[in-house]
Amino acid sequence: MRVKHWLIVTVVALALWLLSGYQMSWLAAPDKALWQVASFPIGVGCDPSLLEQRPGYRQVIKTEYNSVTPETEQKWVSIHPEPNRYSFTKADYLVNWAVANGKRVHGHTLLWHQPDALPKWLKEFKGDRAAWEKVMKTHIETVVGHYKGKVKSWDVVNEALNDDGTLRMANHHANPSIENDNGSIWARNLGSDYIARAFQYAHAADPKALLFYNEYGQDTQPLRVAAITKMVADFKRRKIPIDGLGLQFHLDLNATEERITRAISSAEKTGLLVHISELDVLVSNWKKNPDLVYSPELQKQQGAKYKFIAQEYQRLVPKKQRYGITHWNVGDGDSWITNWMKLKDWPLLFDDKYQRKKVYYDYREGLKSIK
Ligand code: 9MR
């Protein structure tokens, strides 16, 4: 009787075990998320309002990415709207959500010249060198201090150089005004060494934060790349605390493999961390074309570009220098290319309903192929 009882128990247990094994292989294993197949963090530029309001948006970020960057909410215009008032609410929402969900937070950005990103009071601010220095220093101390321990890294200075590698300073617009200023209020009012001081202030405010210089056009502007390399060497010599370089990579289908390789490689050669910080691949090639169709051919070319970037980043950048690849928002409908540039385009990995696109899979293949 006893033996029979044990026999039944054993047979049932065996059957259950076999069945569960069978089910495991029978039901397709869930796809791994991007960050799970990559050998480095996969980030996304986020809008906290969308994060709060759209479950689809939130879900994709939650599952696919393990690093986030606030797309605009930490810029001066959002976070420091009046001389003596900071407004942290929106950025805090994103940062707290990210921390609670185990995501790394990359801060963006402490100094940028772009008029849309600056509050009116600052664009109109009048003061001598010392007054400007105080404004910059207090802002950096306050913002970095506020996020100490939560924001792991910062784009300290963004886009400080012209295409020819000179420091962005004067407004070169044909009819210059504060609203079309393509020069820099920082360089004009603080002098040419302001970048180094910004890094020092940020470091003092949070010595553990990793500090980045972020730029665009490294694939197209070799003189700008040379200037960045020179700046890094100068900072190292002077012991200015810089940890990494951000390559924005707002690319189009004309970005050749050779140009992409050169850009990544020059950043890697500085020995600093390399962050592809704002990736998107435009199929419109920056042309306004309301009739453009997202044809299979365009999708194929775009997919090849994404895949190549994923592979090349891993091939060229040693593991310890890989800070990650950050995508500049989630779905095509959220992209600055469609919303801000007003171009008909499909530059991201997800469609406007947050479904994975074909390029998503091409990119994931690239992430998988080398380790
Ligand atoms: O994508 C951002 C867009 O939503 C904002 O309106 C704009 C102005 O703040 O900035 C865009 O992001 C820029 C980033 O901060 C710096 N590199 C270029 C990005 C595209 O303009």
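Order of appearance sets the numbers: ligands from 1, and atoms from 1 within every ligand.
Applying the side chain to side chain donor-acceptor pair (under 3.5 Å) criterion to Tyr323, with sequence neighbours excluded, gives Ser153. For Asp351, there are no salt bridge (Lys or Arg N to Asp or Glu O under 4.0 Å) partners at least two apart in sequence or on another chain.
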Can you give each donor-acceptor pair under 3.5 Å made by side-chain atoms of residues 241-249, sequence neighbours left out, with the distance rounded to 0.1 Å?
residue: Asp243; atom: OD2; partner: Leu211; partner atom: N; Å: 2.7
residue: Gln248; atom: NE2; partner: Asn158; partner atom: OD1; Å: 3.1
residue: Gln248; atom: NE2; partner: Glu159; partner atom: OE2; Å: 2.9

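Ion pairing between a basic and an acidic side chain is recognised when a charged N comes within 4.0 Å of a carboxylate O; Asp206 and Lys148 show no such pairing.
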Between ligand 1 and the protein, give all atom pairs where both partners are nitrogen or oxygen and the distance is under 3.5 Å, as lines of names plus distance to 0.1 Å.
residue: ligand 1; atom: 1 (O); partner: Glu71; partner atom: OE2; Å: 2.4
residue: ligand 1; atom: 1 (O); partner: Trp328; partner atom: NE1; Å: 3.0
residue: ligand 1; atom: 4 (O); partner: Glu71; partner atom: OE2; Å: 3.2
residue: ligand 1; atom: 9 (O); partner: Lys75; partner atom: NZ; Å: 3.0
residue: ligand 1; atom: 10 (O); partner: Lys75; partner atom: NZ; Å: 2.9
residue: ligand 1; atom: 12 (O); partner: Lys75; partner atom: NZ; Å: 3.4
residue: ligand 1; atom: 12 (O); partner: Trp328; partner atom: NE1; Å: 3.3
residue: ligand 1; atom: 15 (O); partner: Lys75; partner atom: NZ; Å: 2.7
residue: ligand 1; atom: 15 (O); partner: His108; partner atom: NE2; Å: 2.6
residue: ligand 1; atom: 17 (N); partner: Glu159; partner atom: OE2; Å: 2.9
residue: ligand 1; atom: 17 (N); partner: Gln248; partner atom: OE1; Å: 3.1
residue: ligand 1; atom: 17 (N); partner: Gln248; partner atom: NE2; Å: 3.2
residue: ligand 1; atom: 17 (N); partner: Glu278; partner atom: OE1; Å: 2.7
residue: ligand 1; atom: 17 (N); partner: Glu278; partner atom: OE2; Å: 3.3

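Gln74 is listed as a side-chain neighbour of Val151, based on a closest heavy-atom distance under 4.5 Å.
In this structure, Lys307 fails the cation-pi test against Tyr363, since its NZ or CZ atom is not both closer than 6.0 Å to the six-membered ring centre and inside 45 degrees of the ring normal.
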